[in-house]
Amino acid sequence: MSGDHSHNEDQVDGGSRFSDSHKHHKDKFKKEHKQKDLRKEKERDKSKHGNSDHKDFSDKKHKDKEKMKHKDGSTDKYKDKYKEKRKEEKIKSFDYKVKLEKENGFASPLHMKLEPDEDSYHCPKNAKTLKRERDDDNDYEFKPKKIKTENEKKAKKRKLDENIKAVKTKNKKGDVADGKKKAKKEQEEKWKWWEEERYTDGVKWKFLEHKGPVFAPPYEPLPSNVKFYYDGKAFMLSAGAEEVATFFAKMLDHEYTTKDVFRKNFFKDWRKEMTSEEKAKITDLKKCDFSEMHQYFKAQSEARKAMSKEEKLKIKEENERLLQQYGFCIMDNHKERIANFRIEPPGLFRGRGDHPKMGMLKRRIRPQDIIINCSKDSKYPEPPPGTKWKEVRHDNKVTWLVSWTENIQGSIKYIMLNPSSRIKGEKDWQKYETARRLKKCVDRIRNQYREDWKSKEMRIRQRAVALYFIDKLALRAGNEKEEGETADTVGCCSLRVEHIKLYPEIDGQEYVVEFDFLGKDSIRYYNKVPVEKRVFKNLQLFMENKEPDDDLFDRLNTSILNKHLQELMDGLTAKVFRTYNASITLQAQLKELTSGTSLHDTTLHCRAVIKGPPEENIPAKILSYNRANRAVAILCNHQRAPPKTFEKSMQNLQTKIDAKKAQLSAAKRELKSAKADAKVRRDEKSKKAVEAKKKAVQRIDDQLMKLEVQATDREENKQIALGTSKLNYLDPRISVAWCKKWGIPVEKIYNKTQREKFAWAIDMADDDYEF
DNA sequence: GAGGACACTTAGCAAGATGCGT
DNA sequence: ACGCATCTTGCTAAGTGTCCTC
């Protein structure tokens, strides 16, 4: 470890030196050793899972001030080469990165009902603010122009509609029979919030009323015949200790109950819940035998599965009742669906990846932990009898209804509205509008950061290279995280030297950077990308005289980067690049893949795309869409574990294909003989027989094609999750426009939940929409 | 400018619901 | 009608980014 540090300038022109305090290094050293065992375990674990040959990452970070040499003498002659490169890049990653399966359908909660239910909400006089002022802060295109002029009319009309609705609700009572009709009507009456003006000044609502959260069911003690054993002897636990023990017992099948960190954290927290006698007696987790408890829970879940239809229905009805009672709120005259009205039940914390806090006890949340947010003039939610809320506040500058502080990280959890709600939808729409604004100035910004690669100042170069990664590779910003509190993951700004490797030349390509790090959710990011020479030289510079666990961009953090971005464009942050690049990629890929010619992709022997005019072929179109979606998912590194049943289901599909093929050749033979027959007989009957056979062949051929498309799609999708990008990064108007253009029903692309979330886009996008 | 509190979006997994072939 | 595969939904962790204080 080098401690030879002295200078402190921010210029890129001197000899490269680090200035780092020795103390800092010593601490680092100690910590590193402490971490070693942990890491070894990580490794083992990883190889067990077979998902990573990932190298040993250190947990340490630090900031160094150094003096660096400007040794980048390269000239830049890329002009519009850049665009091509990007394109190549994308195709590349498509090739080498993992292939995939079918869409995994991410979603959000159920449909929402607009009609208030019987025990109708108390609605205050001043809650009728229908018309809102325009938000002046941004987004010229946020609102379709015509709406501005029509707004008043619409608002009035809506008011009228609502009155009608209110009347309807009254004579609703018990008419279960025409539920279908009603559902239809509801659809027609869906509130088009996107045709209204938005609030100004951060006001999120004027009126908010809800019923509060649903608490986790209380703990039910185990029957007395289910025993816990310590050191081979039955041991009666106190209720508190028993509850925590059951959390562990339930997880016994999971591999992580064998992990040291998990066990240690669990045992420590468990002991806190024990009585002093228990504490004295139970001192070694290894001597604890939870197997009887485990068996009991297993049996219970079996029993649940084997329940009669009536019992299942009963549970369903109860859930529905809860949903109706607690699952909705009134926000500004509209009944809106709440996303997560249930409080998270207690249990053992299991973070993602190698989380230092795995196994800790996640406390039960009580009413006195809960903060309620609602209108002053609303009917406040009641705390359960004999309890009190921690606080009831009336903050209409925020969107949450309920919050509490969680005990593992000390972070705040919220109950908020469903994605189909106005408040979420508006924000979502706005997000895409910001990304569209970026589209207009992205060339300027790209030119700018290229210029900055040559800057005299180290911090500017670092900023420019980081931004290049964020733009080109859709990396996340990479906020700093508190060490030891979470799994060791990074994003762009927090990349460390150990996360990249530089190859001046490899596999016939120049200036290749190999990325290998764990990103959000400890998902591995691995990519080998050729970069521009100047970037490469800069990276060499940044890495000079650094330890593997030093920050690659030691003069940069997300706040600096975002401040810079803010200056380049109003509302621009690192995250916007991900949205922009995802959406623009989808649009480009859809154009390319759907046009017909480019579908003759020889690497993907798919007859479907080769054969016939695309407009006649919906499955092929959907495949094209999924591929475009997939390109984005790959760009954003949205991975998933291959489904457990993948191999099997692939086999099943192949069996089906084989069977279909056999069927096809049989049908063809029959056709042939029918033809021969017709030639000899020359009568109507045999002619007809030929026609029938022809049709049969055609039909079977179509079926076969469909199966093959399905197989291709699924294979390609094996380890790619399409849902995340679909739900969070792709401007839904692109998809809607594509559907309209090619006559594909939107239902083929978006399921019900997704259609609800994207109702605004489905309503407003025409077939010529351009992102 | 560092650090923490806060609000809100993005993320993958798995349980539960649905659908499909037999 | 049943059993399995797939799709949907719920769950909640883990990010981003802003604002405030010192």
Side-chain angles (χ1 to χ4, degrees), chain A residues 63 101-111 202 204 254 301 304-305 309 312 315-316 319 323 339-345 347 349-353 355 357-358 362 371 373 395 397-400 403 405-406 408-419 423-424 427-428 431 476-482 485-487 489-494 518-523 557-563 565-566 571-576 578-579 582 633 636-641 643-646 648-650 652-653 656 710 714 719 721 723-729 751-754:
Chain A
K63 305 260 162 281
E101 200 215 321
K102 243 199 140 187
E103 208 246 316
N104 174 29
F106 279 66
S108 27
L110 292 169
H111 67 288
K204 303 288 167 56
H254 274 111
S301 89
R304 221 172 306 126
K305 274 183 210 150
K309 273 194 178 150
K312 279 184 181 167
I315 292 173
K316 212 175 157 187
N319 279 335
L323 173 68
N340 55 327
F341 56 89
R342 285 169 203 273
I343 301 275
E344 298 170 16
F349 176 81
R350 180 20 166 148
R352 317 259 165 87
H355 199 115
K357 299 195 171 181
M358 65 169 78
K362 201 167 97 167
I371 302 174
N373 193 31
D395 183 355
K397 297 271 208 296
V398 297
T399 66
W400 54 267
S403 76
T405 302
E406 154 265 2
I408 304 285
Q409 324 267 1
S411 63
I412 308 167
K413 301 259 187 171
Y414 303 94
I415 290 181
M416 291 183 187
L417 296 193
N418 193 65
I423 212 156
K424 293 287 182 195
K427 199 80 189 293
D428 206 36
K431 173 180 78 189
R476 294 189 184 82
N479 281 319
E480 285 124 303
K481 317 165 55 180
E482 213 173 322
E485 295 291 300
T486 59
T489 63
V490 297
C492 185
C493 294
S494 49
L518 295 184
K520 181 176 179 181
D521 292 322
S522 293
I523 297 291
N557 60 37
T558 52
S559 139
I560 294 170
L561 180 65
N562 281 333
K563 245 175 226 157
L565 292 175
Q566 188 58 235
L572 186 60
T573 62
K575 181 160 112 55
V576 180
R578 247 167 106 80
T579 312
C636 294
N637 201 39
H638 290 143
Q639 297 186 25
R640 62 165 182 178
K644 282 180 199 110
T645 55
F646 184 81
K648 208 172 127 203
S649 87
M650 220 48 210
N652 289 158
L653 200 53
K656 270 193 214 164
Q710 207 186 337
R714 188 178 301 182
Q719 301 179 55
T724 305
S725 50
K726 201 179 199 175
L727 232 43
N728 299 299
Y729 289 103
N751 68 29
K752 192 158 81 65
T753 320
Q754 293 164 340

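Any value given below was found using the heavy atoms of this structure, including those in side chains, with hydrogens, waters and symmetry copies removed. So you know, we letter chains A, B, ... as the sequences are listed, proteins then strands, and number each from 1.
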Measuring from the side chain of [X] (C-beta onward, heavy atoms only), which nucleotide among [options] has the closest atom?
X      : options                : result
A:K575 : B:dC8, C:dG17, C:dA14  : C:dG17
A:M416 : B:dC8, C:dA13, B:dA11  : B:dC8
A:A641 : B:dC13, B:dT10, C:dA13 : B:dC13
A:Q409 : C:dT18, C:dA14, B:dG12 : C:dA14
A:K431 : B:dT10, B:dA7, C:dG17  : B:dT10
A:R342 : C:dT18, C:dC11, B:dT18 : C:dC11

Length of the line joining [X]:[atom1] and [N]:[atom2], which is rounded to integer Å:
X      : N      : atom1 : atom2 : result
A:F646 : C:dA5  : CZ    : C1'   : 14 Å
A:L572 : C:dT18 : CG    : C1'   : 15 Å
A:W400 : B:dT9  : CH2   : C1'   : 18 Å
A:R640 : B:dG12 : CZ    : P     : 11 Å
A:N751 : B:dT18 : CG    : C1'   : 12 Å
A:R350 : C:dC11 : CZ    : C1'   : 16 Å
A:K413 : B:dA7  : NZ    : P     : 15 Å
A:E344 : C:dT12 : CD    : P     : 5 Å

For the residue pair A:T399 and A:L417, establish whether any side-chain heavy-atom pair is separated by less than 4.5 Å.
no
Starting at the 5' end of DNA chain B, which residue's closest nucleotide do you reach first, A:I412 or A:R578?
A:I412
Quick check on DNA chain B: between A:K204 and A:Y729, whose nearest nucleotide comes earlier from the 5' end?
A:K204
As a quick check of understanding, evaluate side chain to side chain donor-acceptor pair (under 3.5 Å) for A:K481 and A:T489, giving each step before the final call.
CA-CA 9 Å; A:K481 317 165 55 180; A:T489 63; 2.5 Å; yes
Is the distance from OP1 or OP2 of C:dC11 to the nearest side-chain N or O of A:N340 less than 4.0 Å?
no
Base, sugar-phosphate, or nothing for A:T399, non-hydrogen atoms under 4.0 angstrom?
sugar-phosphate
Are any of the side-chain nitrogens in A:K362 or A:E406 under 4.0 Å away from the carboxylate oxygens of its partner?
no
Count the heavy atoms belonging to other residues, nucleotides or ligands that lie under 6.0 Å from NZ of A:K563, then report whether that count exceeds 12.
no
